[in-house]
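First up is the structure itself, then whatever we jot down about it.
Values below: every heavy atom of this structure, side chains too, minus hydrogens, waters and symmetry copies. These numbers come from a predicted model, not from an experiment. Residue numbers start from 1 in every chain, and the chains themselves are labelled A, B, ... in the order their sequence lines are given, proteins ahead of strands.
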2 protein chains.
Amino acid sequence: MDADAEASEETGHGEGRDPAAPRRRTGGRSARVRAQVLAAVGELLVAGGYDGLTVDAVAERAGVHRTTVYRRWRDVGGLLADVLDAASDDTWRPPDTGSLEGDLTALNQEVYEALAGGPGLTAALIAAGFRSSEAAGALSRFWEDRHARCAVVTDRAVERGELPAASDARALLVAATAPVYHELLLLRAAPDPELPRRAAAGAAAAGRAGVYAPLTGPFPSA
Amino acid sequence: MDADAEASEETGHGEGRDPAAPRRRTGGRSARVRAQVLAAVGELLVAGGYDGLTVDAVAERAGVHRTTVYRRWRDVGGLLADVLDAASDDTWRPPDTGSLEGDLTALNQEVYEALAGGPGLTAALIAAGFRSSEAAGALSRFWEDRHARCAVVTDRAVERGELPAASDARALLVAATAPVYHELLLLRAAPDPELPRRAAAGAAAAGRAGVYAPLTGPFPSA
DNA sequence: TCCTTATTGCGACTGATGTTGCGTTAAGAT
DNA sequence: ATCTTAACGCAACATCAGTCGCAATAAGGA
């Protein structure tokens with residue numbers, strides 16, 4: 001990761017700067033190149049999936065030389081990692097349907113639609129995570145962010161009395177969504193429109209049964 | 001797939017054979033080459049993961065020429081598909097611990113141990129499924145076989161009264177195992193020794209609640 | 001044993017991928 | 001305006017993946 005990572009300090013110190021720290025030039029041309037390249041990545045990805053995404057194709061479509069892309073992003077994984085980081089500052093919120101099972105079903109529906117229709121962006125990013133450690137890291141950050149935002153789903157369910165207190169939001173969310181990813185991505189099963197609802201219902205039932213509450217008794221010790 | 005697939009007929013017909021069907025030579029040298037190559041694939045895979053598995057490396061380690069590997073297996077995906085098919089005729093049986101949750105936990109434990117320790121064989125095969133359609137097909141066959149063998153877990157649970165009748169064995173199995181794959185393979189979370197048991201408990205609780213029984217009432221019609 | 005030919009070995013070739021050295025452009029500070 | 005040098009463009013180079021034509025080997029049947 002040598003793109004971005006601009007330190008916010010060492011701007012006006014003048015004298016006491018580290019001689020081994022070159023000042024980045026992030027304005028003007030560099031910013032324009034970056035924007036062109038990231039746009040080209042997105043366009044090529046929706047056009048031809050992961051397999052159509054080569055460094056050469058990106059450079060050509062961005063109107064930039066191959067070497068520039070190699071030096072700044074190293075490989076396709078680095079490109080996707082940058083795209084993912086740049087697109088993660090969106091305003092996504094989990095759905096609020098009024099019930100735990102409804103929220104989880106709606107979440108699964110989003111996952112289902114992102115994965116069911118052919119070679120989509122999501123599948124390409126996940127596939128990239130198996131090739132590039134940079135893309136894998138960006139994916140982990142992306143998912144961590146999504147899980148943090150989804151914690152409110154569990155909180156609301158606890159308030160409604162649908163779940164025992166102190167239920168593990170992450171485990172519940174994984175239980176609900178993992179079957180959808182597993183069926184469509186790993187097992188490559190034929191898309192079943194009932195899958196989102198059924199996986200959500202399973203996770204919700206397990207949650208109601210207290211599987212994701214670490215302690216079922218009233219004594220938190222031991 | 002042009003390796004194996006030896007037709008069992010047209011052995012002694014003599015006169016009426018198809019002129020466009022060349023007789024395969026599966027004995028002696030060809031069999032030895034195949035064994036050497038598949039062994040080399042396994043050794044390289046446990047040594048360096050998927051990224052260390054190139055056709056050239058396989059050929060060199062097997063003491064075989066590159067062209068031979070390209071002609072018989074086409075690419076790395078074809079190699080892995082053949083390895084997977086050759087290794088699938090084992091005598092694997094699902095565990096029988098006496099309870100549904102115990103069986104699912106033991107299954108998840110196997111998955112966990114196959115995925116938790118570094119870049120294992122399983123992860124390499126799954127990663128290959130994202131690159132080669134041949135490897136993806138072999139993986140689908142492998143998983144279908146495993147799921148069929150695991151149906152007995154659900155049957156036994158129904159007999160014991162732990163599950164309602166006509167529970168969907170596949171959906172239950174996916175609900176139990178998917179979180180393990182998802183955490184370790186996609187989310188790349190730190191291995192949690194409690195994960196197999198917890199995921200199994202969640203699926204078992206959902207199963208007990210009747211989520212995987214299509215009809216809860218006693219009337220199977222409509 | 002001999003004959004046919006499937007299969008393998010060999011080397012040359014093409015194209016894609018990734019690297020390096022060097023000259024040019026322009027960002028940012030003075 | 002001027003200077004320093006980070007970032008870019010360019011071309012040559014190196015490496016790897018994959019294919020093709022041809023000769024050598026050996027499997028399987030007569």
Side-chain angles (χ1 to χ4, degrees), chain A residues 2-7 10-37 40 44 48 50-60 62-79 131-132 134, chain B residues 2-8 10-37 40 44 48 50-60 62-79 128 131-132 134:
Chain A
D2 44 11
D4 29 25
E6 306 93 21
E10 67 175 343
T11 306
H13 278 48
E15 221 50 51
R17 56 177 160 81
D18 189 356
R23 316 162 205 60
R24 296 282 165 79
R25 298 180 179 177
T26 59
R29 183 169 63 165
S30 288
R32 188 166 54 250
V33 166
R34 186 174 123 111
Q36 287 168 354
V37 167
L44 287 175
Y50 186 94
D51 293 325
L53 192 70
T54 65
V55 174
D56 284 39
V58 169
E60 188 182 8
V64 163
H65 203 266
R66 295 164 4 96
T67 326
T68 301
V69 179
Y70 277 115
R71 277 197 275 245
R72 281 188 59 168
W73 288 277
R74 184 183 157 83
D75 60 0
V76 178
L79 281 169
R131 299 205 206 182
S132 157
E134 284 180 289
Chain B
D2 45 9
D4 30 22
E6 306 92 23
S8 55
E10 67 176 343
T11 305
H13 278 48
E15 224 46 54
R17 56 176 159 76
D18 189 357
R23 312 161 207 64
R24 296 283 165 78
R25 296 178 180 176
T26 59
R29 183 169 62 167
S30 288
R32 189 166 52 250
V33 165
R34 187 173 122 112
Q36 287 169 356
V37 168
L44 286 175
Y50 186 94
D51 292 326
L53 191 71
T54 66
V55 173
D56 285 38
V58 169
E60 188 182 9
V64 163
H65 202 267
R66 299 169 357 101
T67 336
T68 301
V69 180
Y70 278 115
R71 276 196 278 246
R72 282 187 59 169
W73 288 277
R74 185 183 157 82
D75 60 358
V76 178
L79 281 169
R131 299 205 205 182
S132 157
E134 285 181 288

Quick one: the side chain of [X] and the base of [N], do they pair up donor-acceptor inside 3.5 Å?
{"X": "B:Arg29", "N": "D:dT25", "result": "yes"}
{"X": "A:Thr67", "N": "D:dC10", "result": "yes"}
{"X": "B:Arg74", "N": "D:dG18", "result": "no"}

Next on the checklist: Among B:Leu53, B:Val69, B:Leu44, exactly one meets side-chain contact (heavy atoms from CB on, under 4.5 Å) together with B:Leu79. Which residue is that?
Outcome noted: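 Filter result, single survivor: B:Val69.
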Working to the nearest 0.5 angstrom, can you tell me the gap between [X] [atom1] and [Y] [atom2]?
{"X": "B:Asp56", "Y": "B:Tyr70", "atom1": "CG", "atom2": "OH", "value": "5.0 Å"}
{"X": "B:Thr26", "Y": "B:Arg34", "atom1": "OG1", "atom2": "CZ", "value": "10.0 Å"}
{"X": "B:Arg72", "Y": "B:Thr67", "atom1": "CZ", "atom2": "OG1", "value": "13.5 Å"}

Item to check | Residue-phosphate contact under 4.0 Å: B:Arg71 side-chain N/O, D:dC20 OP1/OP2 | outcome: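 For D:dC20, neither OP1 nor OP2 has a side-chain N or O of B:Arg71 closer than 4.0 Å.
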Item to check | Any B:Tyr70 side-chain N or O less than 4.0 Å from OP1/OP2 of D:dG18 | outcome: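 Affirmative; the distance criterion is met.
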Quick one: [X] [atom1] to [N] [atom2], roughly how many Å, whole number?
{"X": "B:Glu60", "N": "D:dA17", "atom1": "CD", "atom2": "P", "answer": "12 Å"}
{"X": "A:Gln36", "N": "D:dA7", "atom1": "CD", "atom2": "P", "answer": "17 Å"}
{"X": "B:Arg32", "N": "C:dT7", "atom1": "CZ", "atom2": "P", "answer": "15 Å"}
{"X": "B:Trp73", "N": "D:dT19", "atom1": "CH2", "atom2": "C1'", "answer": "18 Å"}
{"X": "A:Asp75", "N": "C:dG18", "atom1": "CG", "atom2": "P", "answer": "7 Å"}
{"X": "A:Leu53", "N": "C:dA16", "atom1": "CG", "atom2": "C1'", "answer": "15 Å"}

Next on the checklist: Base, sugar-phosphate or nothing for B:Asp56? Non-hydrogen atoms, less than 4.0 Å.
Outcome noted: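 B:Asp56: backbone/sugar contact only, no base atoms under 4.0 Å.
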Next on the checklist: Looking at B:Gln36, I want to see if its CD is surrounded by more than 12 non-hydrogen atoms of other residues, nucleotides or ligands under 6.0 Å.
Outcome noted: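 Yes, enclosed.
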Checklist entry - Given that B:Thr54 and A:His65 both sit by DNA chain D, which one's nearest nucleotide is further toward the 5' end? => result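 Closer to the 5' end of DNA chain D: A:His65.
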Checklist entry - In terms of the nearest nucleotide of DNA chain D, which residue is placed more toward the 5' end: B:Ser30 or B:Arg66? => result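 Per heavy-atom nearest nucleotide, the more 5' residue is B:Arg66.
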